[in-house]
Each structure stands twice: as structure tokens, then as C-alpha cells.
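Contents: one structure, followed by commentary.
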Number of protein chains: 2
Amino acid sequence: MKYQKIPEATIRRLSRYSRCLEEMEQGGEKVVSSAQLASKCMVNPAQVRKDLAYFGEFGIRGVGYYVKDLLASIKKVLGLNKEWRMAVIGIGNLGSALLSYKDFLKQNYKIVAAFDIDPQKVIGRVSEKLGKPVEILHISRIKEVAKERKIEIALITTPPSEAQSVANLLVEAGIRGILNFAPTQITVPEGFVVKDVFFTNILDNLAYLLSSS
Amino acid sequence: MKYQKIPEATIRRLSRYSRCLEEMEQGGEKVVSSAQLASKCMVNPAQVRKDLAYFGEFGIRGVGYYVKDLLASIKKVLGLNKEWRMAVIGIGNLGSALLSYKDFLKQNYKIVAAFDIDPQKVIGRVSEKLGKPVEILHISRIKEVAKERKIEIALITTPPSEAQSVANLLVEAGIRGILNFAPTQITVPEGFVVKDVFFTNILDNLAYLLSSS
DNA sequence: AAAATTTTGTGAAAGGAGTCACATAATTGA
DNA sequence: TCAATTATGTGACTCCTTTCACAAAATTTT
Ligand SMILES: NC(=O)c1ccc[n+]([C@@H]2O[C@H](COP(=O)([O-])OP(=O)(O)OC[C@H]3O[C@@H](n4cnc5c(N)ncnc54)[C@H](O)[C@@H]3O)[C@@H](O)[C@H]2O)c1
Ligand SMILES: NC(=O)c1ccc[n+]([C@@H]2O[C@H](COP(=O)([O-])OP(=O)(O)OC[C@H]3O[C@@H](n4cnc5c(N)ncnc54)[C@H](O)[C@@H]3O)[C@@H](O)[C@H]2O)c1
């Protein structure tokens with residue numbers, strides 16, 4: 001297949017396929033057709049095939065796809081064939097929940113540091129719920145610790161008013177990926193990537209659908 | 001303007017505009033042009049105008065839009081000119097965080113009930129952090145309480161294995177909107193709406209962008 | 001009061017994304 | 001071995017979304 005720009009939407013669907021394939025692998029299924037995968041992920045079968053075709057030929061005509069191989073291929077495409085080392089910034093309600101979110105580990109995401117600005121939270125507090133507790137460090141140590149622990153992604157869970165200044169620190173510390181939970185637009189230089197998780201936007205979407213039907 | 005189907009993407013952008021306009025209103029700005037709003041929301045100015053045009057003529061040529069009026073108009077379009085009554089199902093790490101998320105209130109979303117299946121959590125536990133604490137009820141009471149408290153939206157924060165059966169209960173209880181945080185596909189009958197909040201999918205997207213650049 | 005300026009609202013054009021339909025390839029069964 | 005069956009990979013088509021470009025309307029300047 002000749003080169004084409006890969007749609008954002010394709011990447012989003014690939015992670016959906018990945019989750020479905022994991023469930024199928026757990027369930028002991030060896031082979032899956034584009035039609036089965038599509039129905040499970042609620043998309044069109046041709047869409048599944050087209051999405052995969054951007055990255056290679058993973059199937060066997062007349063048969064389908066080997067679940068295990070396809071899963072491995074998709075993970076490789078998504079960059080999930082390595083462990084991603086993450087930090088959480090702002091250990092309040094949401095930050096604490098993320099610290100004890102064990103599914104991250106299953107997905108090759110590992111939280112290796114936690115930061116806050118409040119000395120009360122820093123002194124001696126650790127997340128008890130994980131197997132290996134994470135100590136909460138003062139935000140001023142971010143640059144030093146980022147290098148030391150090879151942090152590549154940071155999750156921002158501070159109040160929105162602090163999000164941009166935290167992002168600036170992260171950029172300075174050379175952390176290239178940011179997942180932003182604070183409901184405000186933050187900007188970073190070329191070469192850095194921000195993705196937002198804005199619950200209330202999705203809630204708004206839901207409210208709209210409910211009120212217009 | 002003649003009738004057209006409204007793109008999903010337009011609705012998503014409207015909530016972004018809404019957030020930006022709120023910040024502007026706080027900041028005392030009275031008037032805003034499509035160019036200013038666009039730059040703040042990182043979209044094309046023509047996009048802003050076209051999005052708004054689906055719903056009416058809100059601007060004044062040569063001037064721009066009155067911040068306050070535009071905000072009110074957008075909120076009306078989104079169905080945010082009323083209070084939405086919500087329940088949280090599954091009061092673990094994430095559910096607790098959502099219970100104490102005070103921004104919901106600012107946005108006309110009100111959590112009026114919390115449910116869990118674990119008797120330990122049900123007996124006597126309340127969320128202390130909100131002004132008015134929410135008592136945690138046993139999930140078996142959902143149908144009764146949904147009617148009583150006029151619950152319209154439920155946030156599912158149970159383990160993924162329970163998500164579908166919880167969704168079934170919600171449908172039975174006549175709760176039409178579901179915001180699903182459990183990383184699994186759930187299905188509901190016609191007339192009900194599910195929106196998913198899958199962090200790890202967004203993280204995957206981030207990982208892809210980092211590893212392919 | 002007329003010209004210059006600003007900024008909206010929108011038809012038309014361009015660009016992307018999703019679906020269809022079928023040639024192609026593998027497997028199964030006779 | 002060959003026909004029938006199954007299911008992929010992909011060019012062509014359709015549909016949707018975004019951007020462009022400009023007339024229309026309000027304001028400001030001269
Ligand atoms: N609680 C939720 O369920 C929820 C849901 C969606 C979005 N959010 C967003 O996530 C963010 C956090 O929400 P929360 O409810 O956990 O708030 P929170 O107030 O409980 O936590 C914020 C934490 O950030 C720390 N902090 C403040 N400034 C900091 C800085 N400069 N550096 C490092 N740490 C700093 C504070 O000490 C605090 O511990 C907010 O932006 C909120 O809007 C929260
Ligand atoms: N913790 C996070 O930061 C995070 C992030 C993203 C997604 N999630 C997802 O959100 C969900 C909750 O995560 P968590 O970390 O809070 O888990 P958790 O185990 O702490 O909480 C789950 C809660 O659901 C309750 N529950 C179980 N079955 C129930 C039922 N049938 N009815 C009512 N309540 C029931 C449990 O008693 C428990 O209190 C999971 O699906 C998880 O994958 C969590």
C-alpha cells in the first residue's frame with residue numbers, strides 16, 4: 001500500500017481494537033475476522049480493515065487475523081511495546097485516584113513519581129494502595145527527578161490556574177508528553193505533545209444529546 | 001440559515017467555546033471577535049462562525065460577540081440552561097474523586113446520589129468534602145431513588161466487569177444518560193445515551209504521537 | 001456624509017474520513 | 001484436483017468537515 005497520512009481517528013480506534021483483542025485473548029479466542037472485531041468495537045468491518053492496512057497486511061484471506069499476532073502488531077504501531085514512565089503532578093482527589101489505578105500497569109504505563117506543592121502532602125505521605133508505594137515529592141524537584149527516573153509522560157491534576165506554569169516546568173524538565181486533566185487550554189513548544197481529558201466537555205456532549213431528543 | 005445536520009465536532013467545540021467565554025467573562029471582557037475566541041480555543045476563526053451559525057446569528061458585524069450573551073446562547077444550545085441531576089455508581093478511587101469534584105456544580109451538574117455494592121462502603125460512609133455530604137446508598141435502591149431524586153445522568157465508576165450489569169439497572173431505572181469510566185464497551189437500548197471516558201485510549205494516543213516523532 | 005475599516009455570515013471549494021464492492025488469496029469439502 | 005466458500009486488501013465513491021473568500025452590515029474616521 002502506498003504511503004498515506006494516518007488519520008487521528010484511526011489511532012483512536014486502534015486502541016479500541018487493542019482493548020477488544022485483549023479481552024478476546026483472555027477468553028482464549030485464537031482467530032478473529034474483521035466482522036467480529038468490528039461488531040465488538042461498534043464500527044464498520046471495512047473500517048477495521050482499512051485502519052489496519054495503513055500499517056501492513058496482518059490478516060490471512062479466507063481466515064481472518066490471529067488474535068495474538070494482531071494484538072502485538074497494533075501495540076507495536078501504538079508504541080506500546082515498551083514501558084512508558086509517568087509522573088502525576090498534583091496529588092489531590094483525582095491525582096490520588098490515578099496513583100492507585102492499577103490498569104495502567106497492565107497497559108505498560110508505569111507511574112514512577114508523584115509531585116505536589118503542598119508540604120503537608122509531601123511530608124511522609126505515600127500512596128498505600130499500590131504494591132510498591134510511590135513517595136510524594138515537592139514539585140521543585142521535578143527537573144532533577146525527571147532525569148533520574150527517565151520520566152517521559154506527566155499527568156497534570158493540579159487546579160487549572162496552575163496548569164500552565166506546571167506545564168512550563170515539565171517542558172523545562174524535558175518531559176515531552178502531557179496528559180492534562182485541568183480544564184484549561186495549555187500550550188507547549190514544538191516537539192512536545194499535550195492531550196486533554198476534559199470530563200465536563202464529554203458531559204456537555206451527553207447533556208446536549210439528552211436535551212435534543 | 002437553512003437547516004443542516006449538526007456535526008458532533010461542532011458540539012464538542014461549543015463546550016470549549018463555553019469554557020473560554022467563562023474565563024473571559026471572569027476577566028471582565030465584554031466583547032470578543034471570532035478571531036480572538038478562535039485563537040484562544042486553537043481553531044480556525046471561520047470554524048467558530050460556522051459552528052455558531054448552525055444555531056442562529058449571535059454576532060454584530062464589524063463588532064463581534066457580546067461575551068455574556070454568547071455564553072448564554074451557547075449554554076442554551078448545549079442544554080446547560082438547566083440543572084442536571086446525577087448519580088455516581090461505584091464509590092472507589094475514581095468515584096470518590098468525582099464526588100468531591102466541585103467544578104461540576106459551577107457547570108450546572110449536581111451529584112444527588114452515590115451508590116455502591118460493598119456494604120462496608122454503604123454503612124455510614126459519606127463524602128465529607130462537599131458542602132452538603134452525599135450519603136452512599138446500596139445499588140439495589142437505584143430504581144427507587146432514581147425516581148425520587150429525579151436522576152437523569154449516571155456516572156459508572158465500577159470495575160469493567162460490572163459495568164454492563166450496572167448499565168442494565170440504570171436503563172431499568174429510566175436513567176437516560178450514562179457517562180462510562182469503566183474501560184469496556186457497554187450497550188443500551190434506543191433512546192438511551194452512553195458516552196465513554198477512556199483515559200488509557202487518550203494515553204495510547206499520546207504514546208503514539210511520542211513514539212512516532 | 002462619504003470613505004475606510006472592521007468583522008460577521010455563508011456559498012463554494014478543498015480536504016478528510018468512512019463505506020461499498022469486488023478482485024484476490026486461503027481453506028474446505030467433494 | 002477443482003469448485004465452493006470465506007474473508008482480506010484496496011480503488012472508487014460518497015459523505016462529512018473544514019477552510020477560503022467575499023458580500024453584507026456595523027462602526028469609525030476624515
Ligand atoms: N476531582 C475530580 O474528579 C476531577 C474530575 C475532572 C477534572 N478534575 C480536574 O483535575 C484537577 C485536580 O482536581 P482535584 O479535585 O484532584 O483537586 P484538588 O484540589 O484535590 O487537588 C489539586 C492538587 O494539586 C496540588 N497543587 C496545586 N498547585 C500545584 C503546583 N503548582 N504543583 C504541584 N501541585 C500543585 C494541590 O496541593 C492539590 O493537592 C483540577 O484541575 C480539576 O478541575 C478533577
Ligand atoms: N482509578 C482511576 O484513576 C481510574 C482511571 C480511569 C478509569 N478507571 C476505571 O474506573 C473504574 C473504577 O476504578 P477505581 O480505581 O475507582 O476502582 P475501585 O475498585 O476503587 O472502585 C470500584 C467500586 O465499585 C464498587 N462496585 C463494584 N461492583 C459494583 C456494582 N455492581 N454496583 C455498584 N458498585 C459496585 C466497588 O465496591 C468499589 O467501591 C474502573 O472501571 C477503572 O478501570 C479508574
Side-chain angles (χ1 to χ4, degrees), chain A residues 1-17 20-21 24 29-71 73-74 77 201 205 208-209, chain B residues 1-17 20-21 24 29-71 73-74 77 201 205 208-209:
Chain A
M1 195 206 194
K2 65 169 191 285
Y3 177 80
Q4 281 182 263
K5 201 195 150 294
I6 290 138
E8 277 268 323
T10 290
I11 298 302
R12 277 198 297 274
R13 280 190 299 268
L14 285 182
S15 18
R16 305 240 302 274
Y17 302 157
C20 283
L21 289 166
M24 287 174 176
E29 289 168 67
K30 296 294 177 208
V31 174
V32 67
S33 69
S34 60
Q36 291 172 303
L37 186 54
S39 125
K40 188 146 188 191
C41 298
M42 318 255 263
V43 297
N44 181 296
Q47 184 77 78
V48 170
R49 298 198 296 275
K50 181 140 274 190
D51 284 337
L52 297 175
Y54 284 111
F55 303 98
E57 303 198 1
F58 303 113
I60 301 163
R61 295 177 190 215
V63 179
Y65 304 85
Y66 290 113
V67 172
K68 209 179 147 192
D69 295 354
L70 183 58
L71 181 56
S73 300
I74 290 180
V77 164
N201 284 15
N205 206 190
Y208 170 77
L209 292 172
Chain B
M1 194 206 195
K2 66 172 191 284
Y3 178 79
Q4 280 183 266
K5 200 197 152 292
I6 290 137
E8 277 268 324
T10 290
I11 298 302
R12 278 198 297 273
R13 280 189 299 269
L14 285 183
S15 12
R16 305 240 303 274
Y17 303 157
C20 285
L21 289 167
M24 287 174 175
E29 291 168 67
K30 297 293 176 209
V31 173
V32 67
S33 70
S34 61
Q36 292 171 305
L37 186 55
S39 125
K40 188 146 189 191
C41 297
M42 318 253 262
V43 297
N44 181 297
Q47 184 78 77
V48 170
R49 297 198 297 274
K50 182 137 277 193
D51 284 339
L52 297 176
Y54 284 110
F55 303 98
E57 303 199 2
F58 304 113
I60 301 162
R61 295 176 191 216
V63 179
Y65 304 85
Y66 290 113
V67 172
K68 209 180 147 194
D69 295 354
L70 183 58
L71 181 56
S73 300
I74 291 180
V77 164
N201 284 14
N205 206 190
Y208 170 77
L209 292 171

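Model, not experiment: these values are computed from the prediction. Throughout, protein chains are lettered first and strands after them, A, B, ... in sequence-line order, and every chain is numbered starting at 1.
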Once you round it to whole Å, what is the distance between [atom2] of [N] and [atom1] of [X]?
X      : N       : atom1 : atom2 : answer
R49(A) : dA23(C) : CZ    : C1'   : 13 Å
L52(A) : dG9(D)  : CG    : P     : 7 Å
L37(B) : dT7(C)  : CG    : C1'   : 14 Å
Y54(A) : dT8(D)  : OH    : P     : 18 Å
D51(B) : dT19(D) : CG    : C1'   : 12 Å

First locate atom [atom1] of [X], then atom [atom2] of [Y], and finally report the distance between them rounded to the nearest 0.5 Å.
X       : Y       : atom1 : atom2 : value
K50(A)  : N44(A)  : NZ    : CG    : 11.0 Å
T10(A)  : F55(A)  : OG1   : CZ    : 7.0 Å
D51(B)  : I6(B)   : CG    : CD1   : 10.5 Å
I11(A)  : N201(B) : CD1   : CG    : 12.0 Å
N205(B) : Y208(B) : CG    : OH    : 9.0 Å
L70(A)  : C20(A)  : CG    : SG    : 11.0 Å

Please list, pair by pair, any protein nitrogen or oxygen found under 3.5 Å from a nitrogen or oxygen in nucleotides 1-5 of chain C.
none

* To do: Decide side-chain contact (heavy atoms from CB on, under 4.5 Å) for Y65(B) and L52(B); before the verdict, give the C-alpha distance in whole Å, the side-chain angles of both, and the deciding distance to 0.1 Å.
  => CA-CA 11 Å; Y65(B) 304 85; L52(B) 297 176; 3.7 Å; yes
* Please list, chain by chain and in numerical order, all residues satisfying salt bridge (Lys or Arg N to Asp or Glu O under 4.0 Å) with R61(B), sequence neighbours excluded. =>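 Counting only residues at least two positions away or on another chain, R61(B) forms no salt bridge (Lys or Arg N to Asp or Glu O under 4.0 Å).
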Listing, residues 32-43 of chain A side-chain donor-acceptor contacts under 3.5 Å, not counting sequence neighbours, or none:
from   : atom 1 : to     : atom 2 : distance (Å)
S33(A) : OG     : A35(A) : N      : 3.4
S33(A) : OG     : Q36(A) : N      : 3.1
S33(A) : OG     : Q36(A) : OE1    : 3.4
S34(A) : OG     : R49(A) : NH1    : 3.1
Q36(A) : OE1    : S33(A) : N      : 2.8
K40(A) : NZ     : E23(A) : OE1    : 3.4

* Out of dT10(C), dC20(D), dG9(D), whichever nucleotide has its closest atom nearest the side chain of N44(B) ->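 Among the listed nucleotides, the one closest to the side chain of N44(B) is dC20(D).
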Taking only the side-chain nitrogens and oxygens of [X], find out if one of them lies under 4.0 Å from OP1 or OP2 of [N].
X      : N       : result
Y65(A) : dT6(D)  : no
Q47(A) : dA17(C) : no
S34(B) : dT8(C)  : yes

Under 3.5 Å between N/O atoms: give me all the protein pairs with nucleotides 28-30 of chain D, atom names plus distance.
none

* Where along residues 6-16 of chain B does a heavy atom come under 4.0 Å from DNA chain D, residue by residue in number order? ->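 Per residue number, the list reads P7(B), A9(B), R13(B).
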* **Y66(B), OH atom: more than 12 neighbouring heavy atoms under 6.0 Å** =>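 12 or below, so no.
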* Between the side-chain atoms of K50(A) and the base atoms of dT19(C), is any donor-acceptor pair under 3.5 Å? ->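 Looking at the base of dT19(C), it does pair with a donor or acceptor on the side chain of K50(A) (distance under 3.5 Å).
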* To do: Considering non-hydrogen atoms only, spot the tightest contact between I74(A) and L14(A) and give its length.
  =>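 Looks like CG2-O, 3.7 Å.
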* **Per-nucleotide protein contact string for nucleotides 24-30 of chain C, where B marks a base within reach and S marks sugar-phosphate only (heavy atoms under 4.0 Å, - for neither)** => BBSS---
